[in-house]
Engineer: 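Mind looking over this structure? Questions follow.
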Amino acid sequence: MAKILMKGTEAIAEAAIRAGCRFFFGYPITPQNQIPEYMSRRMPQVGGTFLQAESELAAINMVYGAGGCGKRAMTSSSSPGISLKQEGISYIAGARVPAVIVNIVRAGPGLGTIQPSQQDYMQATRSTGHGGCRTVVLGPASVQEAAELTMEAFEIADAYRIPVIIIGDGMIGQMMEPVDFDAIKIRKREIPNKDWAADISTWGKRPRAVINSLYIDPKVCEASNLSWDEMFKTVSRKEVRHEEYMTDDMDHLIVAFGTTSRICRNAIAAAREQGIRAGMIRPITLSPFPFEAIKLAADRVKSVLCVEMNSGQMVEDVRLAVNGKLDVKFFGRTGGMIPSPAEILQAVKDAGGCR
Amino acid sequence: MAKILMKGTEAIAEAAIRAGCRFFFGYPITPQNQIPEYMSRRMPQVGGTFLQAESELAAINMVYGAGGCGKRAMTSSSSPGISLKQEGISYIAGARVPAVIVNIVRAGPGLGTIQPSQQDYMQATRSTGHGGCRTVVLGPASVQEAAELTMEAFEIADAYRIPVIIIGDGMIGQMMEPVDFDAIKIRKREIPNKDWAADISTWGKRPRAVINSLYIDPKVCEASNLSWDEMFKTVSRKEVRHEEYMTDDMDHLIVAFGTTSRICRNAIAAAREQGIRAGMIRPITLSPFPFEAIKLAADRVKSVLCVEMNSGQMVEDVRLAVNGKLDVKFFGRTGGMIPSPAEILQAVKDAGGCR
Amino acid sequence: MGRVTVNEEYCKGCGLCVYFCPKNILQLSKTRLNAKGYPPAEVIDMEQCTGCVFCARMCPDSALTVEK
Amino acid sequence: MGRVTVNEEYCKGCGLCVYFCPKNILQLSKTRLNAKGYPPAEVIDMEQCTGCVFCARMCPDSALTVEK
Amino acid sequence: MENRILFAGFGGQGVLSMGMLLAYAGMLEGKNVSWLPSYGPEMRGGTANCSVIISDTTVGSPLVMEPMALIAMNGPSLDKFEQTVVDGGLLIINSNIVDRKAQREDLRVHYVPANELALKAGNIKAANMVMLGAYLKNTRLVSIESVMGSFINVFGKDKERFIPMNREALKLGMESV
Amino acid sequence: MENRILFAGFGGQGVLSMGMLLAYAGMLEGKNVSWLPSYGPEMRGGTANCSVIISDTTVGSPLVMEPMALIAMNGPSLDKFEQTVVDGGLLIINSNIVDRKAQREDLRVHYVPANELALKAGNIKAANMVMLGAYLKNTRLVSIESVMGSFINVFGKDKERFIPMNREALKLGMESV
Amino acid sequence: MAIVYKKSTMLTDKPMLYCPGCPHGIAHRLIAESLEELELGGRVIGISPVGCSAFAFEYFACDMFSAAHGRALAVATGIKRAQPDAVVFTYQGDGDLAAIGTAETIHTANRGESITTIFINNAIYGMTGGQMAPTTLLGQKTTTTPYGRDAKRDGYPLHISELLAGCEGAAYIERVAICDVANVIKAKKAIKKAFEVQLAGKGFSLVEVLSTCGTNWGMNPLEAMQWLKDNMIPVYPLGVIKEV
Amino acid sequence: MAIVYKKSTMLTDKPMLYCPGCPHGIAHRLIAESLEELELGGRVIGISPVGCSAFAFEYFACDMFSAAHGRALAVATGIKRAQPDAVVFTYQGDGDLAAIGTAETIHTANRGESITTIFINNAIYGMTGGQMAPTTLLGQKTTTTPYGRDAKRDGYPLHISELLAGCEGAAYIERVAICDVANVIKAKKAIKKAFEVQLAGKGFSLVEVLSTCGTNWGMNPLEAMQWLKDNMIPVYPLGVIKEV
Ligand SMILES: Cc1ncc(C[n+]2csc(CCOP(=O)(O)OP(=O)(O)O)c2C)c(N)n1
Ligand SMILES: Cc1ncc(C[n+]2csc(CCOP(=O)(O)OP(=O)(O)O)c2C)c(N)n1
Ligand code: SF4
Ligand code: SF4
Ligand code: SF4
Ligand code: SF4
Ligand code: SF4
Ligand code: SF4
Ligand SMILES: [Mg+2]
Ligand SMILES: [Mg+2]
């Protein structure tokens, strides 16, 4: 198939369907409405289910239900709606149900604005609900990558029985870029047999399914948590991804993810025109985070700058990676404001002590 | 008044009333039910309002309503219920409404168990809802301190117009210890005039009140976020609190908060009996975090161990404080299991390379 | 008998007043757009206005003042 | 005519079977407690049992088996 | 000196209030005290226990994992906690309910027919007071007066009339060891 | 070479689809492209714009903050964006709606009576095509064929019958500058 | 000549950010006029929802709160409990009140809070671009029911006002429509009445206002009003649903 | 002699963690027996709520989900959509279904999901220690209404079954009581009927089971059943509320 011009949101929806997702439960919220809208058109065509839930809470719990039956299920929302899903995501994690959750982040706090933001980094990477489970968080930077990572998300979710969060912002959600689905080659993972699922077609051939996160005995609860931690260690070993951009000869490291990294590319181009050798590491998996790559890079640069569309959240991960070797500087815009290449260039100069 | 033997939950409730809280909106959940129950008995006696909401979502939004009228208002819950309040807390933060939220943490994820845990550290300190606002988080370690910090919480909330979270676990919630309310001396802060509040008694003497977090213009939204960050810098300067225990001559630093720190005291006693000079820094404000104190301490010890009732969350803050100077070791129990002094002692020895 | 004034800053040219005026004496401007790009409502024949306030009752933008 | 067996492991000594037996032939043990500390139900006079199943229908813990 | 005591039994045997009385009495005598109940759905399952600490110094962990004294009101509690008692610790068993003997030989063990003595005092529900009496006789940690002085605080004003009977039970417990 | 174009006007003037046509055409010609609309409640306020990038290399920021060309369909858009155009950039103004002249003197400015020409082509709604034509004549960034080849993709099969009229509008636009 | 009609003093000067011809503006006016006529001025606290009317806090000339989607009545409860003498109203759309906010709506009514709710039922999610609402009609096409609302998949048009009438705390519930002058006058009466019920402390009052959304229905404002008459009123009959 | 009554095969061997005499166990039995009689075995998927019956997933011998508090019907919807041939039931208390879960309850009914709900109304929050439920009676003392439920402060006993009857997708709603043998037999019939309605694909079915909570009411199991008869039934009358 040829390339088609698609919005990020539409590409995510189409990619989900191509990944075999047949159950989508959503609730409208800008700037991700094209996902449910696309699903409402397409799902009937592929024999799948689109259902507009009465709320984000209902939607995430419907995902829990369908996912617990062994089906590939998904929901999408944006910041306030994702806050409402926190309890449900925690239940999904606790019950080890695979699920994919898309967050096209807007600016906040509160109702804020629908303009682009990366303000939900901490929420996504640190605390998807109570319970302290770290989940997998993917941060695409282009529409093509949004499609690709969506397909990856379903593989990862099934392979490890973990909720996977795809995080983007209004820019990636609303912009159109060419997408070539045929070019997507996702790594096939070993997906364990779903004999834990409440699938009536396999009744009798498996133990009784109990999709559950309630443990009366803390010993059992701890064991379940430890097995989560163990699983997540494997995820951290096998699934970390990042992209390097002009890092070979760099003196100044920028760390940025998602659309912000696109603006940083422009800033890097401008920097290099001025003879400043800037380069970038772009975490693709925000969780697990590419600590190692950044640590290694930090050894050979003069400055590290983290650029985000928030007040400085990923900067903590970068600091944890750099571990005191260098000061990590931060530049960010918040509230839906988008940093300009010029601002970022200035920040690189300031961080690196260049004039 | 003499000392009285009280549960932590009851002490929090009574302290809130003494701090002038007259509006409590709650929803039952173990292990914090004594808070709403106490309030349901006491509020009518002091002319206050206790209302059992239809859900945690409703409760937090009622707090937003009453708080936005300039009243001291509070809600309490436990982990899953706190997840449900995430959106509401974000709105409260965005609209700069003072509020106090108690989280008597249970173990999870999901429904988990009601046994003690500190699993919501990240959620509380990093992402109270979408939007990335850091709020104030207080972690008492005794019933007396629970009372004291509750009274402080209302002061801080009003002084900075910020939601304040009191975080405890089932142990501190359920245990009884002597409380002496007369002994509580809270620092009085300058509390700005509440002329932002929707108080009908002051209509006409102030600008029209708009309690709001919606901004159509990202510039305004950014300005609001920046003013939050500015405010939080002040909070970080003025409100950080920690306690040091046997740190004068210590070789081995333990960092622990809440009830875990109590168990660490026993471990430290046992360590010292064996000639191991262990000491402890106990963050009282988990956010803002006592980075400076830990950084200074790290300069003069041989090992740093963070002990938590979770899989390792505060350890990130400790690592950020230590900033690469030493390896930060971690010991924790999860899922409602409580670490024993002996285990902690062993962890201190392992961390410090003692035999 | 009646007099209607249009506050053009508020008017969005929705046409509701035009349709609901029983005297049919309102129209949307065929020549002008306001600052927001809308053709504002205009009175064609003020003489006939009865001051019945139908127009103002239907105006979503409180753009009309009626005198009588 | 009927025979009732009590599974003492399940019985919690709630007394519902005792109360609802129309023949009044059940009682809670006055001498024994089961492993959980409850006095289990006992049949006093099996002869009179009609097998009406009232007892079992009221038992929350499915502790009773009735034969007829 | 930190005294760590564990009270355990069936729900309904007054295990929690027995511990609370002791803690209250400790507080009245100016000591540092804490009382921590088990809580949660396992209580519906029938067992309950509480950790009490009475100390001259600040109380560390409120959870008693290695009790210096175990008051076992029923068999499951003895089974569960006997091994956790510190070497040479105190073990008081309600011999009316528990039909086995202690397995450990290093402990100071007392078998108290608490239900019987409580009945003698006037109400089988006062078995907990009997056990507490036995404990106090052994340790003299707080005075009878302090315990009885805490009664209303723990049980409420409307239970005042039960004080004499409870005092009697406490006394019978003290005498039994 | 990265071409950054900003299309701006009232909602309903076809600003978004005009940009989308250009992006689509760029893609058909094998270029790297991106299209980013303004979105949100301000659209209800009446204005809309979109950023289009057509590039030989990978597209960096999809947001055009400093356009190389600004297509201004109405006055507020000209007011808002004129100053952001790069030095010596291109500015195309719909002179049927905008009643002022450009303020900057360094820009290449064209005044296109787009509504008029669109009416001439058959429908005032094709004013956007007229403007696009004017832009293409100036830059030759993509061919008319590519633009018209994108038409169905952007507007849908059922709008096919409007192709000739739109082609005519595009042509009139090209001729107008 | 005297002024017989001018913009209500209970509205601010701010131009409203609604589409041309959107009845939200009319409903705002009716509320403002009612408050003005009842001379409630400084006693009023309003709550705007999330929906097209999210910016209502900019339009009403009284103290206002902006509530999270669906939670307006919880916020209102907090306010009313804090200030029993305040006149408290919420303004909510069908998505806000009858979907995500269902629990808050029912329980506030059931508690009989003396709060007035103006419920704008336009059978669609306006703000987010025309998705199905709980009140969307069967067969109606929206951006999430592209083939028309199907009862099997999407459920039935929800009659939330009728459900609320089953709550003991609900004192007054009426359904009106903004589709012509006569009905607008009736709507105004109902809204004023609802505030009077609140003032009398009788309990919860709600006026359901059938409205249009020309933009998302794909019609001009007039066509939309006609569509409302032809299609919505038969499903959602007008009149007093409950009065105690 | 033949066995005329034994523990249902649709129940596991696990002893139930309810208080002595708690009707949750009886309701479990009735569900299990109905499923067994209808020979639904491997087709059944149940959802346990948060409440005293949170552990129901350990008791029913079919596939089970444990849902978050109030979300059982959303989970059930996800399951039913994923497996339309499955027989799906939720088991929920009054707090779960009629307080925090109100929105899910109403909308699932309104969508007419072919799901069966067994709704245990014991007029209290059992699990958490006896707080007020939406169904708590006026004047009833609970740990959060220590002076008795007061309509002014706490609202009225919520008749959620009656409200649900107003949802078009609800096919069958009946209220029964566990208070004596005759009523238990009726309850069993209603529960079985509810599953039959589901099997016929008619829509949403719900049986409200008036129950006791001796522990939190402060009564023994028998006294509690009498209290139910004397106090609850007058407020919550028994019988079929809706049947289509
Ligand atoms: C928690 C949350 N979910 C979803 C949204 C997105 N949202 C904004 S308005 C709206 C629906 C508006 O519809 P309605 O209430 O009918 O009001 P209308 O715009 O039609 O007047 C939604 C879903 C949000 N802001 N917050
Ligand atoms: C989100 C959330 N809120 C609150 C709770 C605490 N909680 C557990 S059970 C329950 C209420 C139980 O009452 P009900 O549904 O009537 O069931 P019952 O125990 O009476 O059978 C509550 C509030 C929880 N687990 N999760
Ligand atoms: S007042 Fe009546 S007659 Fe006059 S313009 Fe308005 S609607 Fe027409
Ligand atoms: S009704 Fe109002 S906004 Fe609409 S055209 Fe008339 S004056 Fe203008
Ligand atoms: S079967 Fe009937 S008669 Fe026999 S014990 Fe049971 S209730 Fe009594
Ligand atoms: S009804 Fe069942 S549990 Fe209760 S006493 Fe009888 S056999 Fe035992
Ligand atoms: S989208 Fe619909 S409801 Fe919203 S302002 Fe426009 S017409 Fe009104
Ligand atoms: S608390 Fe009440 S509802 Fe829960 S198991 Fe006990 S009696 Fe049953
Ligand atoms: Mg609507
Ligand atoms: Mg209940």
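Throughout, protein chains are lettered first and strands after them, A, B, ... in sequence-line order, and every chain is numbered starting at 1.
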Engineer: Do you know which two heavy atoms are closest between G:Phe60 and B:Arg208, and how far apart they sit?
Structural biologist: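 Nearest heavy atoms, G:Phe60 then B:Arg208: O-NH1, 2.8 Å.
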
Engineer: Tell me, side chain or backbone of B:Arg72 under 4.5 Å from chain G's heavy atoms, or both, or neither?
Structural biologist: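 Contact with chain G: none, neither part.
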
Engineer: Do G:Glu58 and B:Asn212 come within less than 4.5 Å of each other through their side chains, counting heavy atoms only?
Structural biologist: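 With C-beta onward as the side chain, the pair stays apart.
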
Engineer: Heavy-atom count check: over 12 atoms from other residues, nucleotides or ligands less than 6.0 Å from B:Lys194 NZ?
Structural biologist: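 Yes, enclosed.
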
Engineer: Does B:Arg22 reach the main-chain N or O of G:Ala82 with its side chain, forming a donor-acceptor pair under 3.5 Å?
Structural biologist: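 Answer holds: no.
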
Engineer: Between G:Ser48, G:Ala54, G:Gly46, G:Gly42, which shows the greatest number of heavy-atom pairs under 4.5 Å with chain B?
Structural biologist: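 Highest number of heavy-atom pairs under 4.5 Å: G:Gly42.
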
Engineer: Measuring heavy-atom distances to chain B, does G:Thr12 have an atom under 4.5 Å in its side chain, in its backbone, in both, or in neither?
Structural biologist: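 For G:Thr12, the contact with chain B is made by the side chain alone.
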
Engineer: Counting a contact as any heavy-atom pair under 4.5 Å apart, which residues of residues 61-76 of chain G contact chain B?
Structural biologist: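 Answer by number: G:Ala61, G:Cys62, G:Asp63, G:Met64, G:Phe65, G:Ser66, G:Ala67, G:Ala68, G:His69, G:Arg71, G:Ala74, G:Val75.
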
Engineer: For G:Glu39, does the CD atom have more than 12 heavy-atom neighbours from other residues, nucleotides or ligands under 6.0 Å away?
Structural biologist: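 Open: at most 12 neighbouring heavy atoms sit under 6.0 Å from CD of G:Glu39.
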
Engineer: Scan G:Ile79, G:Val44, G:Val87, G:Ile45 and name whichever one has a side-chain contact (heavy atoms from CB on, under 4.5 Å) with B:Ile200.
Structural biologist: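 Output: one option passes, namely G:Ile45.
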
Engineer: First locate atom CD of G:Glu104, then atom CE of B:Met62, and finally report the distance between them rounded to the nearest 0.5 Å.
Structural biologist: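 Here the interatomic distance stands at 8.0 Å.
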
Engineer: Which of residues 199-210 of chain G get closer than 4.5 angstrom to chain B, counting heavy atoms alone?
Structural biologist: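 Residues in range: none.
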
Engineer: Measure the spacing between OG1 of G:Thr105 and CD of B:Glu54 and express it to the nearest 0.5 Å.
Structural biologist: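 G:Thr105 OG1 to B:Glu54 CD: 9.0 Å, rounded to 0.5 Å.
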
Engineer: Identify which part of G:Val88 has an atom lying under 4.5 Å from any heavy atom of chain B, answering side chain, backbone, both or neither.
Structural biologist: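 For G:Val88, there is no contact with chain B at all, as no heavy atom is under 4.5 Å.
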
Engineer: Given that the side chain runs from C-beta out, which part of G:Asn110 has a heavy atom under 4.5 Å from chain B: side chain, backbone, both or neither?
Structural biologist: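 Contact with chain B involves no heavy atom of G:Asn110 at all.
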
Engineer: Between B:Leu51, B:Val63, B:Val97, who has the most heavy-atom pairs with chain G when the cutoff is under 4.5 Å?
Structural biologist: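 Top count of heavy-atom pairs under 4.5 Å with chain G: B:Leu51.
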
Engineer: Measure B:Tyr64 against the heavy atoms of chain G and call it side chain, backbone, both or neither at under 4.5 Å.
Structural biologist: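 B:Tyr64 touches chain G through backbone and side-chain heavy atoms alike.
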
Engineer: I'd like to verify something: which residue of B:Ala197, B:Ala66, B:Ser55, B:Gly70 has the highest number of heavy-atom pairs under 4.5 Å with chain G?
Structural biologist: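 The option with the most such pairs is B:Ala66.
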
Engineer: I'd like to know if the side chain of G:Gln83 and the backbone of B:Ala198 have a donor-acceptor N/O pair within less than 3.5 Å.
Structural biologist: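 At least one qualifying donor-acceptor pair exists.
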
